[in-house]
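Each remark here refers to the structure printed beneath this line.
Atoms within a ligand are numbered from 1 in the order they appear, just like the ligands themselves.
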Amino acid sequence: MKVLFATSELAPWVKTGGLGDVAGALPAALRALGMDVRVLVPAYPALLEAFPDAEEIAQPHWLGGLLPTPKLKQALAPDGTPLLLLDYPHYFDRPGNPYLGPEGRSWLDNHLRFGLLSRVAAWLGSEASTLDWQPDIVHCHDWQTGLAAAYLHYLPGRRAKSLFTLHNLAFQGLFDHASLFELGLPDAAWQIDGVEFYGYLSFLKAGLQHADAITTVSPSYAREIQTDAEGMGMAGLLRHRAENLSGILNGIDTHTWNPATDHHLHQTYGARHMDGKAANKASLQEELGLERRADLPLFAVVSRLTEQKGLDLLLAVAPQLLKLPAQLVVLGSGEHSMEHSWTALAQKHKSRCAVTIGFDEALAHRIEAGADIFAMPSRFEPCGLNQMYSLRYGTPPVVRATGGLADTVVDAADEKHGNGFVFGPATTDALLLALQRAATAWRDPKRWRLLQKHGMARDSSWAHAARQYIELYGKL
Ligand code: ADP
Ligand code: GLC
C-alpha cells in the first residue's frame, strides 16, 4: 500500500511539539512493516539546509484560487523514508517557528501557506499528479493539512482515500470567509456539513468532515472529544462520525529516547544498571545552578507553557512542593505571562527551583534522565509523549487522568503494574496530594525501584500503533 503523510512538522528538523515527533517516527515504523510511506512537508530552511541536494521532481500547477505554483523536491531521510519537500520560498523560507512570526503572532497568510500544503497533498492523491508514484491513501495530521480531505472530496476523477489524524482539538485553523475563494474551494463548501464553522472557515473541521476515516492519538481522547464538555464545539460532528473515528495510542522513538544510548546524557544507564541516573541528577543540578542534593526528590517539567498543560496549577502549589522539601526544574516556552510567573518563582527559590525558558532538545533529554519525578498535570492531553519518555528514563510521572495520560500511566496503588501517580480533578489540592504521594514513595527505595522497573519495561515502541494504522489503511 502506498501512503502519503502530509505534515507541517517533522522531527528532528522542525518541531514545536508532539506532532513533529510522530511525523518523524511513525513513517519509518510503517515502512519497517512493508508500507510504502512518503512524507510531504514544507521546505522550511532547516530542511533545505539538511538536504541541499534535493532534486526537483514536479511543479504542481493550476491549484486554484490564489494558490501559487510551487516546486516539489525529493530527498531521502536518514531512516530511509522518502521526503517530498514543498518548496515555495515566499511561503516557507521564513525564520523561526512554522506558524509564528518573530513577534510571536501567527503569519497573516497561514491559510495560504497550509492551504497550499493541503492542496498539494490532494494533487498528489489525484489524477492530476505528474508523479509516477500515486498514493492509495493521503494521511493528514491536524488542522494544517485538514483541508486536503476537503480538496480530495471536491476533486473530480479517481483519487486517494483520506485519513485524518487529530492530534489536538484546540487548534482549529480558523480563517475568515474570504479565504474560501483564495483557497480555490467551491461555494458549495460553505455550509454546515462543509468547512464552515460558526462563520469561519475551519481547516480542522474540513478534515473531520471530509476524511474517509478519522483517528486520534489515544483511545481515551477519542471518547472524551465526543462529549460536549470536551469536544470544543466539534462534539456533535465527532459523534456523527463515531463509526469512522478511533483512537490509536502513539508510540515514541525508542532510538532517540533510550537512556542506554542517549548521547545527550552525562552518563548512560538502563533498568539493570541505574547508577548512571544518580550521576545525571548531580550533573543536572550543577548545570542548572541548583544545590547538589542527592537527598531531595527532583521534580521536572518539559512542556509548552499553555493552559492545556495545567502548569498554572503546578505554579500555584510550587511553594508548598519546594517546602516538602523538594527541587523543581522547568523547561518550557509559550504564553508570556506564564514564562514570567515561572521565572519569578525560580528567582525567589534559587537553590530549589530552576526555570529555563526556551526550546532545547538536548536539555529535555538531560532533564528526563536527571530528574526523579516528572509532572504533567494537563487539563486535557490527546496523547502526550513526555510521560512515555519519563517512564522509559525511570522517572515516574505524576499525571492527571485524562486522554493519553490515562492510557499510559498506572497509579502506584496498583502494586503489580503501577508506574506513576494519577490524580483526578484539575485542582491544586488533588495535584499537591499526588506530588506528595510521589515524594513519599521516592523515599522508599524498594518501592521506588519497582515503580521504575514497571515504567522502564513498558513497550512504547511504534510497532503496535503501526500495525493498527495498517489495519485501518487496509479497511479504507
Ligand atoms: P504537545 O505536542 O502537546 O506539546 P507532547 O508531550 O505530545 O505534547 O510532545 C511534546 C514534545 O515537545 C516532546 O517531545 C517534548 O520533549 C517536546 N518539548 C516541549 N517543550 C519543549 C521545550 N521547551 N524544549 C524541548 N523540548 C520540548
Ligand atoms: C498534540 C497533543 C499531544 C500529542 C501530540 C502528538 O500536540 O497535544 O498530547 O502527544 O499531539 O500526537
*When only distance counts, is Gly384 in polar contact with ligand 2, meaning an N/O pair under 3.5 Å?*
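In this structure, Gly384 places an N or O atom under 3.5 Å from an N or O of ligand 2.
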_His167, any N or O under 3.5 Å of ligand 2 N or O_ =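 Among all N and O atoms of His167, at least one is under 3.5 Å from an N or O of ligand 2.
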Can you list the ligand 1 atoms lying under 4.0 Å from a non-hydrogen atom of [X]?
X	value
Gly384	6 (O), 7 (O)
Ser303	20 (N)
Arg304	1 (P), 3 (O), 4 (O), 20 (N)
Lys309	1 (P), 3 (O), 4 (O), 8 (O)

*If you measure from the Lys or Arg side-chain nitrogens to the Asp or Glu carboxylate oxygens, is any gap between Arg239 and Asp228 under 4.0 Å?*
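Looking at Asp228 together with Arg239, the answer is yes, because their closest N to O distance falls below 4.0 Å.
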*Lys/Arg-Asp/Glu bridge criterion (N-O < 4.0 Å) met for Lys350, Glu291*: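 No.
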*Could you name the option among Gly403, Gly404, Gly18 that has the heavy atom nearest to atom 5 (C) of ligand 2?*
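When every heavy atom of Gly403, Gly404, Gly18 is considered, Gly18 comes closest to atom 5 (C) of ligand 2.
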*For Asn250, take its heavy atoms, then give the atoms of ligand 2 lying under 4.0 Å from any of them.*
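Going through ligand 2 atom by atom, the ones under 4.0 Å from Asn250 are 6 (C), 10 (O), 12 (O).
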*Under 4.0 Å from any heavy atom of Asn168, which atoms of ligand 2 are there?*
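The atoms of ligand 2 under 4.0 Å from a heavy atom of Asn168 are 8 (O).
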Please set out all donor-acceptor pairs under 3.5 angstrom arising from side-chain atoms of residues 20-32, sequence neighbours excluded.
from  : atom 1 : to     : atom 2 : distance (Å)
Asp21 : OD1    : Lys15  : NZ     : 2.9
Asp21 : OD2    : Lys15  : NZ     : 3.2
Asp21 : OD2    : Tyr389 : OH     : 3.2
Arg31 : NH1    : Val37  : O      : 3.0

*Taking only residues two or more places apart in sequence or in another chain, which ones pass salt bridge (charged side-chain N to carboxylate O under 4.0 Å, His left out) with Asp253?*
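Listed in chain order: nothing, the list is empty.
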*Return the minimal non-hydrogen interatomic distance between Trp107 and Pro95, and the atom names on each side.*
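Closest pair (atom of Trp107, atom of Pro95, distance): CZ2-O, 4.0 Å.
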